[in-house]
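Reckoned from all heavy atoms, side chains included, excluding hydrogens, waters and symmetry mates. Position 1 is the first residue of the sequence; numbering continues from there. Just so you know, these numbers come straight off a predicted model, no measurement behind them.
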Amino acid sequence: MQDQPRKSIRKILFHTRFREHAFQALESLLELRKVGLSEVVLTHIVPTEEVSFVPYGGYLKEQADRFVEEARLRFEDWSHQLSDRGIRFRYRIDIGQPNAKILAIAEEEQVDWIVTGRKKRTLLEMVYVGSHLLDILRRSDRPVLMHKYIVECKEGCEAKIRVNERIFARPLITTDWSDPCLHARDELPRFGGLIEKVHIVHVMDEKSTNGRNREMLLQMEAENRGKLETWRKWFAEQGIKSETHLSAGKATSEILRMAHDYDATLIVMGRTGKDWLDEYWLGGVSHRVAEKAELPVLIVP
């Protein structure tokens, strides 16, 4: 039996390392207030290795206290700046292994979403990026929003970075008709009041089309269009406008292309959990989209 759409998003955990644009990213999430958000748990974890002697296991208490105090002052300033938004802000500052602490706080606070950002990629990180976020995505039992920046640059200019102020306006959801994709679909009505239009995307990838003749391909196309129409009707029943898109080719590049072509503001994907680590090492579609997309990505377990 298919899950029913979930209740509104009332509480989120916002994890930050106070990188550039972190405050703007937080601001962009506060429009969730219109669909029920009432509390944000601001979270900062000081990594153990930054305040300990690795060779001897010693602990630099004074340095740890300084890091914690710096984070507290920043959070208090943020809370003051956003005090007129009608949302309660609390902060949690701890020392330890960030991923384990984030997941533990999320469970303790019973948040609806975990929100965590990522820095801009360097050439080295193009290969190795994602271990921190991947681990959270793999282990989290609740949706994780990877907040990213939009990079704007015309030929011959320096890149300009901005934070999309309305990331929930035009979500693009990918589907391969699996149960994880249905779970991802069920997440969208939770912020349906902020959505202008959902773009529903299915890509007939090379693996599924390889070796099929024209007649078989046309039959596959017809079947997929029928399934897309079923999804469109489901969104209509939720009071959400949607548009369907069928494509063929390499799934990752097609998803990213359509997100750009249709001016999407967010990419939404489901995950199974059991094969997420394999996907990372084998280069699965979900990992590649999450890695390469400049848009925020919402992963629903």
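- Applying the side-chain hydrogen bond (donor to acceptor under 3.5 Å, both in side chains) criterion to R212, with sequence neighbours excluded, gives no partner residue.
- No donor-acceptor distance shorter than 3.5 angstrom exists from the side chain of H44 to the backbone of A71, with no hydrogens or angles considered.
- Among the candidates F23, F75, F67, the single residue satisfying the ring-ring contact (aromatic ring centres under 6.0 Å, His included) test with F18 is F75.
- Here the side chain of R33 pairs a donor or acceptor atom with the backbone of R85 at under 3.5 angstrom.
- Qualifying side-chain contact (heavy atoms from CB on, under 4.5 Å) partners for E223, counting only residues two or more places apart in sequence or in other chains: Q219.
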Walk me through it: do E254 and K250 pass the test salt bridge (charged side-chain N to carboxylate O under 4.0 Å, His left out)? CA-CA 6 Å; E254 282 301 291; K250 294 183 178 180; over 6 Å; no

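- W177 and W231 have perpendicular rings, their planes meeting at more than 60° on a 0 to 90° scale where under 30° would count as parallel.
- A distance of 5.5 Å separates CG in L256 from CD1 in I267, rounded to the nearest 0.5 Å.
- A donor-acceptor pair is defined here as one N or O able to donate and one able to accept, closer than 3.5 Å; no such pair exists between the side chain of D77 and the backbone of L73.
- Checking Y262 against E243 by side-chain atom types alone, no donor-acceptor pair falls below 3.5 Å.
- Side-chain contact, H147 with S28: a donor N or O sits under 3.5 Å from an acceptor N or O.
- Side-chain atoms of T43 do not come within 3.5 Å of backbone N or O of H15 as any donor-acceptor pair.
- In this structure, H245 contributes its side chain and I200 its backbone to no donor-acceptor pair below 3.5 Å.
- Looking only at side-chain heavy atoms (C-beta outward), T116 and T16 stay at 4.5 Å or farther from each other.
- A donor-acceptor pair under 3.5 Å links the side-chain atoms of R170 to the main chain of D263, judged by distance alone.
- Partner L145 forms a side-chain contact (heavy atoms from CB on, under 4.5 Å) with one of I12, I299, L266 and no other, that one being L266.
- Between W113 and the options E187, R10, K11, R142, a side-chain contact (heavy atoms from CB on, under 4.5 Å) holds for only E187.
- Side chain of E107 to main chain of A104: no donor-acceptor pair is present (N/O by atom type, distance under 3.5 Å, no hydrogens or angles).
- Other residues, nucleotides and ligands contribute only 12 or fewer heavy atoms inside 6.0 Å of the CD atom of E215.
- Checking side-chain atoms of T209 against main-chain N and O of D205 turns up a donor-acceptor pair under 3.5 Å.
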